[in-house]
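Inspection log for the structure reproduced underneath, given as structure tokens.
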Amino acid sequence: MNVFRSLKRKISWLIRNEFRSLVYSAVIAIFAWFLISVTIYPTTPKTIRDIPLTISLADTAAEENGLSIITEDLDQVKVDVTITGSRSQIGSFTAENLVAEAVIPQSITEAGEYTLSILVTNPEGVTFTVDSQSPKTIDVTFDRIQTVHDIPVQASLPNVTAAENLTLDTQGIECTPKKLSITGPATTLELIDHAVVNVPDTMELSSTYTFTNCTNVVLYDKDGAEIDQSALQLAIGNGFNVKVPVFTKVTLPLDVSLTYVPTGFDTEFLRNRLKFSMDEITLAAQNSNIKDLTSWNLGSIVLSTVDLHYQKTFEIDTRGQFNNLSGITTVQVALDTEGLASKTIRVTDIPVVNAPSSYKYSVVTRSLSITVIGPEEDIKDLTEKDLLVTADLTGYSVKDASFEHEVTVTVPDYSKVWASGSYTVWIDAERNNEE
């Protein structure tokens, strides 16, 4: 029994001393490893990731010249480096111990895009060498920040239509305010030609309507290309009001008036022979009375100016009262000569009619050659006897003893024949002796 107890005590003693030996051995090994590392391997490489990029304009020539950094999301850029330095100094480094700074050289004094070097340092002054770095550089855009206040505003309403027989007055759409103020890089501001307010609503309008608080604005250059506005600040406020006028729309046949037409002449015959380059025009106006119009008169044609080569250009004049939806600005009117003929007839009988009684008149001009136009079957048999040529002095005030006066030509028995051209005669006037 005593032997057993003695053996137990010896085993316990050995176990306790063996544990101490193991502990002591471990401590000595760690110390030895540290001593060897410091003395034999004093430097060590270390890879550190996700160092935030910093950049500052302070005390730079760029700042002195009014430049700002307009590149977006620079705060999202992270830098990875592998550095070598004193094991005791950098061994515990993390991204918080390093600064990755984009260096702005003093040579940057004008707007533009520049490639900047990225320098990684320790703010406490710990030195090390950079073995590798990603990225090493970064492209940064500099520009002057300015504000413009006069960008014109237009409206786009792709889903807005007008009810039947109505039309949207696209030329009269008004945006309030009419101008837009924008702050941003000067080089971008220079590109802006106009702003467009997009109205997303889908609606059929039967009267003038105003869309309010529209905030969807797109910028365009002079060529209609959309401008990136991510670096711009638009002074939209509560948005724009877009007023859309709704007009009554009508499509009218074109017409002309015939003037200086002798009594009995068939004007419809000639009208039917006038051919228009456009037969109708579509007009719009806010005044619903436009629906009462039955045709659109281009102007007047003096009958005597119409010959077999007649052609005239009329300008469309809406008198500022209507919108010309057709877009045509001129119309050509020409005479259809099929089945027509002309003849020149010499006339010698030219009486003076409706003359003041205080004078005696005599026609000095003995004859006139009159050109007449009409249907071939009428013209072929026409003679001087069919023409009535008179010098009508109604309302004429005699000033000279001899004067030139225009004659009137009619063809009483032929309603579809007319005289083409202007004809005058010389007349002598002699005052009657007083009784």
Side-chain angles (χ1 to χ4, degrees), residues 50-80 95 98-121 123 133-156 174-200 211-242:
D50 296 332
I51 306 169
L53 179 70
T54 63
I55 185 169
S56 174
L57 281 167
D59 301 323
T60 64
E63 181 186 42
E64 292 177 0
N65 284 273
L67 296 176
S68 298
I69 297 170
I70 65 169
T71 302
E72 294 187 327
D73 300 327
L74 288 177
D75 57 344
Q76 302 299 315
V77 177
K78 306 296 181 182
V79 179
D80 298 336
L98 298 177
V99 173
E101 181 179 10
V103 180
I104 302 176
Q106 295 297 326
S107 59
I108 296 179
T109 58
E110 296 294 335
E113 184 178 74
Y114 298 87
T115 299
L116 306 183
S117 299
I118 299 175
L119 180 64
V120 178
T121 61
Q133 176 180 320
S134 178
K136 292 183 178 181
T137 62
I138 189 167
D139 293 332
V140 177
T141 301
F142 294 81
D143 207 342
R144 293 175 177 84
I145 302 301
Q146 297 178 352
T147 299
V148 293
H149 302 282
D150 58 350
I151 302 300
V153 180
Q154 303 173 9
S156 174
E174 295 181 1
C175 295
T176 305
K178 297 180 179 180
K179 303 289 184 180
L180 175 63
S181 295
I182 304 175
T183 299
T187 52
T188 302
L189 294 179
E190 291 173 357
L191 300 176
I192 302 173
D193 179 74
H194 63 278
V196 173
V197 178
N198 292 308
V199 178
F211 297 89
T212 60
N213 306 119
C214 302
T215 58
N216 186 343
V217 179
V218 180
L219 305 177
Y220 294 91
D221 64 16
K222 63 179 182 180
D223 297 321
E226 186 174 338
I227 294 175
D228 179 9
Q229 53 197 66
S230 57
L232 303 175
Q233 294 181 349
L234 282 59
I236 296 176
N238 293 326
F240 293 84
N241 293 339
V242 179

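It should be emphasised that the depicted structure is a prediction, and the values quoted were computed from it without experimental measurement.
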Side-chain heavy atoms of Thr54 within contact of Val99, under 4.5 Å: yes
Gap between atom CD1 of Ile51 and atom CG of Leu98 - 0.5 Å precision: 4.5 Å
Nearest-0.5 Å distance, OG1 of residue Thr71 to CD1 of residue Ile55: 8.0 Å
Atom pair CG (Asp139) and OH (Tyr114), whose distance is rounded to the nearest 0.5 Å: 12.5 Å
CD1-NZ distance between Ile118 and Lys136, expressed to the nearest 0.5 angstrom: 11.0 Å
Heavy-atom closest contact (Lys78 atom, Pro135 atom, distance): O-CD, 3.6 Å
SG on Cys175 to CG on Asn241, rounded to 0.5 Å: 9.5 Å
Side-chain touch Val103/Leu116, heavy atoms, less than 4.5 angstrom: no
Thr137 versus Ser117, closest heavy-atom pair with distance: CG2-CA, 4.2 Å
Heavy-atom closest pair, residues Ile138 and Leu74: CD1-CD2, 3.6 Å
Pair up each side-chain donor or acceptor in residues 176-200 with any protein partner under 3.5 Å, not counting sequence neighbours, and list the distances.
from, atom 1, to, atom 2, distance (Å)
Ser181, OG, His149, ND1, 3.0
Thr183, OG1, Thr147, OG1, 2.7
Thr187, OG1, Asp143, OD2, 2.4

Backbone N/O of Leu119 and side chain of Glu101: donor-acceptor pair under 3.5 Å: no
Smallest separation among heavy atoms of Val242 and Ala155, with atom names: CG1-CB, 3.7 Å
N/O donor-acceptor pair under 3.5 Å between Gln229 side chain and Leu234 backbone: no
Residue pairs involving residues 212-226 (criterion salt bridge (Lys or Arg N to Asp or Glu O under 4.0 Å); sequence neighbours excluded): none
Point-to-point distance, once rounded to the nearest 0.5 Å, from CZ of Arg144 to CD1 of Ile70: 12.0 Å
Phe142 and Ile69, any side-chain heavy atoms less than 4.5 Å apart: yes
Verdict with reasoning, Leu57 to Leu67, per side-chain contact (heavy atoms from CB on, under 4.5 Å): CA-CA 9 Å; Leu57 281 167; Leu67 296 176; 5.6 Å; no
Neighbour count above 12 (heavy atom, 6.0 Å) for Glu113 CD: yes
Test item: Asn238 side-chain N/O and Asn213 main-chain N/O as donor-acceptor pair under 3.5 Å: no
Asp50 side chain vs Val79 backbone, donor-acceptor pair below 3.5 Å: no
